[in-house]
Amino acid sequence: MSMRLVFLGPPGAGKGTQAKALCEGWRIPHIATGDMLRSAKVSGKLPPSLAQQMNAGGLVPDSVVIALIRDRIAEPDAARGFLFDGFPRTVPQAEALDDLLQTAGFALDAAVAIEVPEHLLIERATLRRIDKKTGQIYHLKYKPAPPGADLECRPDDAEEVVRQRLKTYVAMTSELLPYYQKRGILKRVSGEGGVDEVTARIRAVLGSRSKEDGKELAG
Ligand code: AP5
């Protein structure tokens, strides 16, 4: 058994939070292109012009992201499955992923779109804080950090940048959601409510395979 999934959703929808919770049980890697690009930025591997594009709420070119994914998907831990968070974001990226999988003899099981009203997205993103030492994600209102945590804010979580990212997302998904809808693998899930509530909804749309943590994916 295996699980090959993508999580789609606007900034602050909870893709990372849900992916982390689910992948631990399923024992498949959580592959977040945003995290990969931020690491490349910190290590100086991302050209400064692209780092600026990210900071301003725009997308990095398809060719850059597809190259990252091509290498990542070939790693041994992705052989039994993966959960992509924030990839694909455009139809060319989705087509490239399909081609990569087809070459390896696999197909995507589902594209899960997490849907959250705009006012909540702004609140979730602008009040998100990250512990510099552990990388743990907190929220000033919904998930306060323990005392002593050394918190920082992502540069693209400033409200005006979040609004720009939302516009970018809307422009991008106008084609991406129908792409997966036509393929019959799009699952829409409400991301409102508590984290556990949303996790339960995702498990429900994915069916019985997703319910037993680890066991069914271990073969
Ligand atoms: P990326 O890092 O992917 O950002 P994003 O898609 O905008 O998503 P976020 O990380 O902001 O939100 P999330 O949905 O993961 O929410 P989270 O779980 O953290 O991309 C950043 C940039 O990289 C892009 O703008 C682009 O420039 C570039 N990039 C990345 N991928 C690319 C690609 N494929 N192509 C081109 N460019 C690409 O939750 C948010 C907050 O809410 C947290 O504080 C959390 O604690 C809280 N929270 C979560 N769920 C709940 C809940 N149910 N109730 C209350 N609080 C909650």
Side-chain angles (χ1 to χ4, degrees), residues 6-23 30-42 46-47 49-70 72 83-97 111-117 119-131 135-145 149 151-159 161-173 176 189-202:
V6 299
F7 273 10
L8 313 171
K15 302 180 296 294
T17 302
Q18 293 301 328
K20 194 165 183 290
L22 289 161
C23 284
H30 163 206
I31 303 174
T33 41
D35 289 345
M36 293 167 86
L37 290 166
R38 278 186 289 279
S39 297
K41 194 159 71 167
V42 169
L46 193 70
S49 61
L50 299 190
Q52 271 168 18
Q53 244 166 277
M54 280 179 75
N55 289 349
L59 293 187
V60 165
D62 289 339
S63 56
V64 173
V65 184
I66 291 166
L68 280 179
I69 288 301
R70 184 177 295 122
R72 183 63 186 86
L83 195 168
F84 281 126
D85 157 8
F87 177 89
R89 267 173 148 93
T90 63
V91 169
Q93 291 182 18
E95 289 170 342
L97 177 60
V112 178
I114 304 179
E115 300 177 326
V116 176
H119 70 279
L120 270 184
L121 293 172
I122 304 278
E123 183 188 61
R124 284 191 190 172
T126 56
L127 299 182
R128 167 173 40 200
R129 295 293 181 271
I130 298 147
D131 188 319
Q136 179 66 48
I137 295 174
Y138 295 102
H139 191 275
L140 295 182
K141 180 171 171 185
Y142 297 114
K143 191 181 175 190
L151 299 180
E152 66 179 354
C153 188
R154 263 170 51 177
D156 61 349
D157 277 345
E159 184 168 338
V161 184
V162 175
R163 290 193 186 278
Q164 180 54 46
R165 286 161 61 203
L166 282 171
K167 279 190 199 153
T168 306
Y169 177 79
V170 169
M172 171 271 285
T173 47
L176 195 54
V189 173
S190 164
E192 276 193 84
V195 171
D196 293 347
E197 236 177 290
V198 180
T199 308
R201 279 184 212 129
I202 296 172

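Atoms within a ligand are numbered from 1 in the order they appear, just like the ligands themselves. Nothing here was measured: the structure is a model prediction, and the numbers come from that model.
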Closest to atom 50 (N) of ligand 1 among protein heavy atoms sits R124 NH1, 3.8 Å
Proximity flag G194 to ligand 1, non-hydrogen atoms under 4.0 Å: yes
Mind checking whether A13 has a heavy atom under 4.0 Å from ligand 1? yes
Expected output: side-chain R129 to main-chain L140 donor-acceptor under 3.5 Å: no
Please identify which atoms of ligand 1 are closer than 4.0 Å to at least one heavy atom of R38. 2 (O), 21 (C)
Do the non-hydrogen side-chain atoms of Q93 and T33 ever get within less than 4.5 Å of each other? no
Any L121 side-chain heavy atom under 4.5 Å of P11 side chain: no
min-distance protein heavy atom vs atom 12 (O) of ligand 1 -> G12 N, 2.9 Å
Could you check whether any heavy atom of P10 sits closer than 4.0 Å to an atom of ligand 1, since that is the contact criterion I want to use? yes
For ligand 1, is G57 a contact, meaning one of its heavy atoms is under 4.0 Å away? no
Evaluate D85 against D35 for side-chain contact (heavy atoms from CB on, under 4.5 Å), listing each step before the verdict. CA-CA 9 Å; D85 157 8; D35 289 345; 5.5 Å; no
Does any non-hydrogen side-chain atom of V161 lie less than 4.5 Å from one of N55? no
Of K15, Q18, M54, which has the heavy atom at the shortest distance from atom 23 (O) of ligand 1? M54
Heavy-atom contact check, 4.0 Å cutoff: does E192 meet ligand 1? no
When distances are taken from atom 35 (N) of ligand 1, the protein heavy atom at minimum range is Q93 NE2, 2.9 Å
Best match, D156, L37, L97, T168: closest heavy atom to atom 38 (C) of ligand 1: L37
Closest protein heavy atom to atom 27 (O) of ligand 1, given as residue, atom name and distance to 0.1 Å: G58 O, 2.5 Å
Could you identify the single nearest non-hydrogen protein atom to atom 47 (C) of ligand 1 and state the distance to 0.1 Å? H139 CD2, 4.0 Å
Just by distance, do the side chain of K15 and the backbone of G9 share a donor-acceptor pair under 3.5 Å? yes
Protein residue, atom and distance nearest to atom 54 (N) of ligand 1, heavy-atom basis: G193 O, 3.5 Å
For F7 and ligand 1, answer yes if some heavy atom of the residue is under 4.0 Å from a ligand atom, otherwise no. no
Is it true that D156 and R128 have a side-chain N and a carboxylate O under 4.0 angstrom from each other? no
Candidates D85, I66, T199, V60; heavy atom nearest atom 36 (C) of ligand 1 found on V60
Side-chain heavy-atom pair L50, V64 within 4.5 angstrom cut-off: yes
Students should be able to answer this: which protein heavy-atom is nearest to atom 31 (N) of ligand 1, and at what distance? T33 OG1, 2.8 Å
Would you mind checking which non-hydrogen protein atom is closest to atom 39 (O) of ligand 1, with the distance to 0.1 Å? T17 OG1, 3.7 Å
